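To start, the structure under review is shown below, and the notes come after it.
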2 protein chains.
Amino acid sequence: MNIGEAAKASGVSAKMIRYYEEIKLIPPSDRTASGYRSYSQSDIHRLQFVRRARDLGFQVAEISELLALWGDRSRKSSDVKKVAQKHIVDLQQRIQDMQEMADTLQTLVSCCAGDGRPECPILEGLEKSAKTTSRPAARKGAVTSIKKKR
Amino acid sequence: MNIGEAAKASGVSAKMIRYYEEIKLIPPSDRTASGYRSYSQSDIHRLQFVRRARDLGFQVAEISELLALWGDRSRKSSDVKKVAQKHIVDLQQRIQDMQEMADTLQTLVSCCAGDGRPECPILEGLEKSAKTTSRPAARKGAVTSIKKKR
DNA sequence: CTTGACCTTCCCATGATGGGAAGGTGTACT
DNA sequence: AGTACACCTTCCCATCATGGGAAGGTCAAG
């Protein structure tokens, strides 16, 4: 299978397949005599795994761990569970941060007449201190990216 | 006020102040004879505005709109409200996407024994199709970034 | 007049992704 | 055979907001 077919079959774009290979998330593919990448069914299978993990918001580094566990027949399911739970906590933190933003903003929006006059509680809120609910509560490595179309 | 003091006073790092100037989010600051940037109280005020808008998750392009409205004495509050509401919808979409990820993952985690054995429903879920609740529901320009420490 | 804390600009890196150029390959049709 | 076209290759660039750090200038206190 050429990279284009592999992309269609796995849902991972050709660009990304090359990128994953480059950063060593996946092993280098076989090559034809002329240098074309060639993918087996099991390569496709791995790409699908990666794709699904990305869809669940895992970062590449985490997927790397998951792939290692996936291929380790003597893994402990507790190790997998740990990775997944950590990711859930991460997602929930990000959700909470965004929910706080949305809530604060909603409060301001609710106070705004939204008519032809210039008076605007939203701008006033941005001018002063927009701490309606809580402080931003900083985090270490918030990555928080949502996938596009694909 | 030097850039360092302005940074402390506004909560925007010196690096970012220079960056915002470079991308024309804010006007070029005054300069001392020796080339140091110099900030007035009203400059600080604007930086605080930007900082708060970032804290609410607005992107630079949106903040640019908000700053323009902020400085427009004949603005219509409805215009401000529109920008804010659009951002709320955006946040909610991102929250929903992440919530779906978390839910799917939670389902898998709940099925995983998490012990010393290799059998793992989480990996199996990644292997097959992890569509427990819904399809990813793609979006146009999902940006979804949460601030760090600052 | 030195020291140390500031400032300046410039370049690089991040993470995951896409765009596109320049050039090679493979195949199907005339 | 030749030609067109779809595909492949590598390489570079851009995104977005942010930080790191180097090389060198400025300023104030001792």
Side-chain angles (χ1 to χ4, degrees), chain A residues 1-26 28-39 47 50-51 53-64 90 94 97 136 138-150, chain B residues 1-26 28-39 47 50-51 53-64 90 94 97 136 138-150:
Chain A
M1 261 191 175
N2 279 344
I3 200 171
E5 296 170 87
K8 259 178 222 158
S10 67
V12 179
S13 74
K15 279 276 188 192
M16 289 315 296
I17 295 176
R18 294 195 195 96
Y19 173 70
Y20 291 153
E21 180 182 322
E22 185 190 328
I23 64 172
K24 300 192 196 338
L25 176 63
I26 57 176
S29 71
D30 281 352
R31 298 283 185 140
T32 67
S34 59
Y36 282 22
R37 283 178 183 79
S38 180
Y39 297 88
L47 285 169
V50 171
R51 165 67 204 260
R54 289 292 298 133
D55 281 351
L56 288 179
F58 285 101
Q59 295 170 240
V60 165
E62 295 166 319
I63 299 177
S64 196
D90 207 60
R94 276 140 65 181
D97 289 349
R139 291 189 41 257
K140 42 296 154 108
V143 176
T144 331
S145 273
I146 297 297
K147 314 303 115 263
K148 310 283 159 55
K149 283 273 289 293
R150 284 200 299 202
Chain B
M1 260 196 179
N2 278 346
I3 199 171
E5 294 171 89
K8 259 177 223 161
S10 66
V12 179
S13 74
K15 278 274 187 193
M16 290 315 296
I17 295 176
R18 295 195 195 97
Y19 172 71
Y20 290 152
E21 181 182 322
E22 185 190 328
I23 64 171
K24 301 193 197 336
L25 176 64
I26 56 175
S29 71
D30 281 352
R31 297 283 184 140
T32 65
S34 60
Y36 280 23
R37 284 177 183 78
S38 180
Y39 296 89
L47 285 170
V50 171
R51 164 68 204 259
R54 289 292 298 133
D55 281 351
L56 289 178
F58 285 101
Q59 294 170 238
V60 165
E62 295 167 318
I63 299 177
S64 196
D90 208 59
R94 277 142 64 182
D97 289 349
R139 288 188 45 256
K140 42 296 156 101
V143 176
T144 332
S145 272
I146 296 296
K147 315 303 116 258
K148 311 281 159 54
K149 286 271 291 291
R150 285 202 300 201

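We name chains A, B, ... by the order of the sequence lines, and we start the count at 1 in each one. Just so you know, these numbers come straight off a predicted model, no measurement behind them.
Separating the OH atom of B/Tyr19 from the C1' atom of D/dG21 is a distance of 19 Å, rounded to the nearest angstrom. Here D/dC16 presents its C1' atom at 12 Å from CZ of B/Arg94, a figure rounded to the nearest Å. Atom C1' of nucleotide C/dT27 and atom CD of A/Glu5 are separated by 13 Å, given to the nearest angstrom. Rounded to whole Å, the distance from CD on A/Glu22 to C1' on C/dT17 is 12 Å. Put simply, CZ on B/Arg51 is 13 Å from C1' on D/dA17, counting in whole angstrom units. Remark: C1' of D/dA17 and CD1 of B/Ile63 are 10 Å apart, rounded to the nearest angstrom. If you measure from atom CG of A/Asp90 to atom P of C/dG15, you get 14 Å, rounded to the nearest angstrom.
Contact check, B/Ser34 against D/dC27: a side-chain N or O comes under 4.0 Å of OP1 or OP2. For the pair B/Arg37 and C/dT9, the criterion of a side-chain N or O lying under 4.0 Å from OP1 or OP2 is met. OP1 or OP2 of D/dT18 has at least one side-chain nitrogen or oxygen of B/Tyr20 nearer than 4.0 Å.
In the set D/dT10, D/dC27, D/dA17, D/dA17 carries the atom at the smallest distance from any side-chain atom of B/Arg54. Here the nucleotide nearest the side chain of B/Ser13, chosen from D/dT10, D/dG19, C/dT17, is D/dG19. Of the candidate nucleotides C/dT8, C/dA16, D/dC27, C/dT8 has the atom nearest to the side chain of B/Ile3. Distances were taken from every side-chain heavy atom of A/Arg18 (C-beta onward) to each of D/dT10, C/dT25, C/dT9; the shortest belongs to D/dT10. Each of D/dA17, C/dC11, C/dG20 was ranked by its minimum atom distance to the side chain of B/Lys15; first place goes to C/dC11.
DNA chain C is contacted by both A/Thr32 and A/Ile23; A/Ile23 maps to the nucleotide lying nearer its 5′ end (nearest heavy atom per residue).
One can find a donor-acceptor pair under 3.5 Å joining the base of C/dG24 and the side-chain atoms of A/Tyr36.
The closest donor-acceptor contact from the side chain of A/Arg51 to the backbone of A/Gly11 lies under 3.5 Å.
Looking at A/Tyr20 and A/Val60, their side chains come closer than 4.5 Å, going by heavy atoms from C-beta outward.
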